[in-house]
Amino acid sequence: MLLQSYKTYPMLNQLSAEEIEQIHLEIREEQWSSGQLIMNQGEISKRVHIIVSGQARVFIEHGTKIELALLERGQFFGEMSCLTGDPVSACVEAVDPLLTITVSRAGMMMLMDKNAPFRKQIIEAMIQRIQASNERVLDEHTKSLLIMKQHETEEQQRYGDLIGTSSAMQELRDKIAQLAKEPAHLVIIGEVGTGRMSIARKLHYASTEGHYPLLIMNGQEFDLPDWEMRTRAAKGGTVVVTQAEQLPPAVASEIMQSTAQTRIIMTACQPMNLPSGILKLTVPPLRERVEDIPLLAKYFLEKAGNGSPDALISQDALKLLSLFPYLTRNVEELQRIVQDAYILSEGRMIYSNHLRFGRIRKAGDRPTIGLALGSGSIRGMAHLGVLRVLENEGIPIDMIAGTSVGSLVGGAYAAGMPVEDCVRVLSTISWGKLVRPTLPLRSFVHNSPMIAFIEQYLGKQSIENLAIPFAAVASDCSSGEAHIMREGSLAHAISASTAIPAIMRPVQYQGKALVDGAVVHPVPAAIVKSMGADIVIAVNVCAESFVKGTVRHFIDSLMNTIDIMSAKMVKDELQLADITLRPDLGLNQISFKDSEFCIDAGEAVTQEALESIKRKLVEVS
């Protein structure tokens with residue numbers, strides 16, 4: 001039946017009889033009834049669905065369904081999961097009786113190779129998917145204000161609010177409700193400003209022992225007599241130990257094995273080596289629940305005294321707030337930025353130019369300079385030219401963030417490799433030194449050889465011990481959000497940051513499946529600003545235009561996709577850069593043999609910008 005009727009199906013009607021003969025075993029027809037769930041968030045789709053008739057709804061579940069898209073004939077879904085083997089990020093259901101044709105991964109690749117319209121739509125769909133986290137921020141949460149109100153009880157006002165409708169916050173609330181019923185000792189792990197103390201209070205007051213005392217002590221100032229006095233005074237209740245990672249390990253273990261009739265809750269910024277069986281609650285940082293940022297911003301405006309926060313903050317301001325990673329104080333930092341913007345705008349509409357990101361510098365301190373090295377494959381050799389000029393001119397680099405090739409160049413320099421050594425080593429690399437074919441074929445190659453290549457020249461270095469503070473940016477396959485690596489193995493972090501989606505197998509690192517950071521922070525100016533840079537120098541080597549003429553093969557299509565996604569996202573992030581360097585690399589594809597050309601282009605653009613850089617140093621000092 002399929003062979004006779006394929007010309008009536010979307011996407012297949014331009015294939016020749018010979019081509020359909022090659023692909024027909026990878027295609028099947030499927031029917032779905034109204035309301036039937038076709039794809040569930042978190043599962044892996046082995047086939048891409050193309051709609052022949054009817055409509056399909058894409059939604060996420062937050063207690064109620066929040067619709068993201070309505071798909072019709074000729075549109076499709078499941079393509080990213082089918083291509084990469086990663087979980088789908090939303091649910092899909094049939095709105096009315098639905099007819100789809102489904103294509104396997106092998107068939108999908110054949111279609112992308114044979115069918116230009118299909119290839120084009122796949123590229124556009126991938127762009128929309130990556131943009132979805134930002135667009136979701138601006139679309140969903142106008143609807144979610146009422147949901148926030150439901151969580152603002154008198155108790156929450158007293159002990160701190162857990163604002164947000166993201167899946168991460170829903171899961172956190174569920175865990176708090178569960179743990180409140182269990183009197184066992186517990187450690188709460190999360191970055192500064194994530195609300196660990198607020199959660200500890202909620203756990204206490206929501207428990208059946210909430211009418212007993214809650215006492216707090218600082219682990220950095222731990223004193224045994226004081227500890228014994230507090231546990232006796234709080235008998236039946238709770239003692240919270242803040243900064244618990246400052247406790248001697250033996251003391252922390254002894255405390256958590258206590259059988260006293262007092263619940264012990266520790267709060268820490270990082271995992272602790274505690275006895276097995278101790279309950280752990282991890283609080284997600286704000287950058288892992290980006291969807292909640294607009295809701296929090298409006299909440300802080302309301303607390304500042306404005307009764308109509310929706311009418312007081314612009315969409316461009318919300319978008320920029322959602323882009324910033326809040327590496328230092330999370331929600332507390334967001335609150336400070338919003339409240340300062342409210343004052344700066346004099347109570348009127350807040351625009352992006354009212355937002356002041358980064359640290360508050362003490363008078364007399366030298367301004368810190370951060371370098372944001374962007375993605376761009378081989379074009380990233382231009383970063384070496386930038387570093388060469390800055391070093392020759394004596395312009396200090398206090399911190400570096402790198403995405404994709406920017407993480408490779410920036411990581412090597414941050415590790416102490418001189419610029420000329422970086423040039424010598426990186427100018428000789430080739431794909432053969434960095435990747436190997438994958439088996440089984442879930443992607444074309446894996447880049448684990450890159451780890452050995454990096455460690456050959458830099459050794460087994462940890463990011464937190466580098467000569468220059470450094471961050472490598474990758475993308476979390478399961479959420480689409482940025483994963484920022486500022487500790488752990490430098491070589492593994494660079495490997496994750498440079499893993500091109502679909503072409504290279506995702507890198508399993510730090511408990512996540514990670515791919516190229518170019519799809520979230522193509523030029524990581526926001527990361528450098530959040531690390532504490534007063535002056536951000538951003539180097540943008542993303543392609544200005546894309547492969548011209550006929551796409552040669554599937555690899556060209558995917559590389560084009562990365563370039564297009566980066567170009568669409570980089571403009572917003574560069575608002576946070578003080579100086580943007582754009583090397584003139586022309587319009588053509590660049591290969592490893594063009595390294596010297598790229599380095600020269602990086603030198604030239606930096607020389608041209610030296611006056612502006614030095615002027616900025618004087619202005620900020």
Taking [Y]'s backbone N and O only, do any of them form a donor-acceptor pair with [X]'s side chain (distance below 3.5 Å, no angle check)?
X    : Y    : result
S81  : S45  : yes
R356 : N353 : yes
S530 : L327 : yes
E332 : R329 : no
R379 : V541 : yes
S462 : N465 : no
D86  : C477 : no
S322 : L318 : yes
S345 : Y351 : no
H383 : G374 : yes

Which atom names give the shortest non-hydrogen contact between [X] and [Y], and what distance separates them?
X    : Y    : answer
V240 : A200 : CG2-CB, 3.9 Å
R173 : G164 : NH2-O, 2.7 Å
L355 : A341 : CD2-CB, 3.8 Å
S352 : A317 : N-CB, 3.9 Å
T242 : N218 : OG1-CA, 3.5 Å
A56  : V92  : CB-CG1, 4.0 Å

Any side-chain heavy atom of [X] sitting closer than 4.5 Å to one from [Y]?
X    : Y    : result
R287 : E481 : no
L179 : L186 : yes
V528 : I400 : no
I484 : I527 : yes
V58  : L71  : yes
R486 : M531 : yes
C269 : R196 : yes
V241 : T267 : no

How far does [atom1] of [X] sit from [atom2] of [Y], to the nearest 0.5 angstrom?
X    : Y    : atom1 : atom2 : answer
F300 : L295 : CZ    : CG    : 10.0 Å
I337 : H354 : CD1   : NE2   : 15.0 Å
M266 : Q243 : CE    : CD    : 13.0 Å
S198 : L162 : OG    : CG    : 5.5 Å
D174 : M169 : CG    : CE    : 11.0 Å
I537 : I395 : CD1   : CD1   : 6.0 Å

Next on the checklist: In terms of relative ring orientation, are F357 and F324 parallel, tilted or perpendicular, with 30° and 60° separating the classes?
Outcome noted: tilted

Next on the checklist: Working note: V192 + T194, criterion side chain to side chain contact (heavy atoms under 4.5 Å, CB included); need CA distance, chi angles, decisive distance, verdict.
Outcome noted: CA-CA 6 Å; V192 173; T194 51; over 6 Å; no

Next on the checklist: Once salt bridge (charged side-chain N to carboxylate O under 4.0 Å, His left out) is applied, do any residues pair with R366, and if so which ones, sequence neighbours excluded?
Outcome noted: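 R366 satisfies salt bridge (charged side-chain N to carboxylate O under 4.0 Å, His left out) with D398 only.
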
Item to check | salt bridge (charged side-chain N to carboxylate O under 4.0 Å, His left out) partners of K175, counting only residues at least two apart | outcome: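 Checked K175 against salt bridge (charged side-chain N to carboxylate O under 4.0 Å, His left out); matches are E171.
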
Between the side chains of [Y] and [X], is the shortest nitrogen-to-carboxylate-oxygen separation below 4.0 Å, so that they form an ion pair?
X    : Y    : result
R289 : D292 : yes
K529 : E573 : no
D476 : K512 : yes

Next on the checklist: Run L334 and L321 through side chain to side chain contact (heavy atoms under 4.5 Å, CB included) and show every step you take.
Outcome noted: CA-CA 8 Å; L334 172 64; L321 285 171; 3.9 Å; yes

Next on the checklist: Can you see whether S404 engages D516 through a side-chain donor-acceptor pair at a distance of less than 3.5 angstrom?
Outcome noted: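 Their side chains do contain a donor-acceptor pair, which is all the 3.5 Å distance test asks for.
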
Checklist entry - Only one of D534, D365, T328 forms a side-chain hydrogen bond (donor to acceptor under 3.5 Å, both in side chains) with R359, so which one is it? => result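 Exactly one pass, corresponding to D534.
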
Item to check | E43, CD: over 12 other non-hydrogen atoms inside 6.0 angstrom | outcome: yes

Checklist entry - E93 and R57: side chain to side chain contact (heavy atoms under 4.5 Å, CB included), yes or no, with the steps? => result CA-CA 5 Å; E93 67 177 11; R57 177 183 291 110; 2.6 Å; yes

Next on the checklist: salt bridge (charged side-chain N to carboxylate O under 4.0 Å, His left out) for R615 and E611? Distances and angles first, verdict last.
Outcome noted: CA-CA 6 Å; R615 185 165 57 248; E611 186 177 340; 3.6 Å; yes

Item to check | side chain to side chain contact (heavy atoms under 4.5 Å, CB included) assessment of M39 paired with F77 | outcome: CA-CA 9 Å; M39 193 173 292; F77 53 91; 3.7 Å; yes

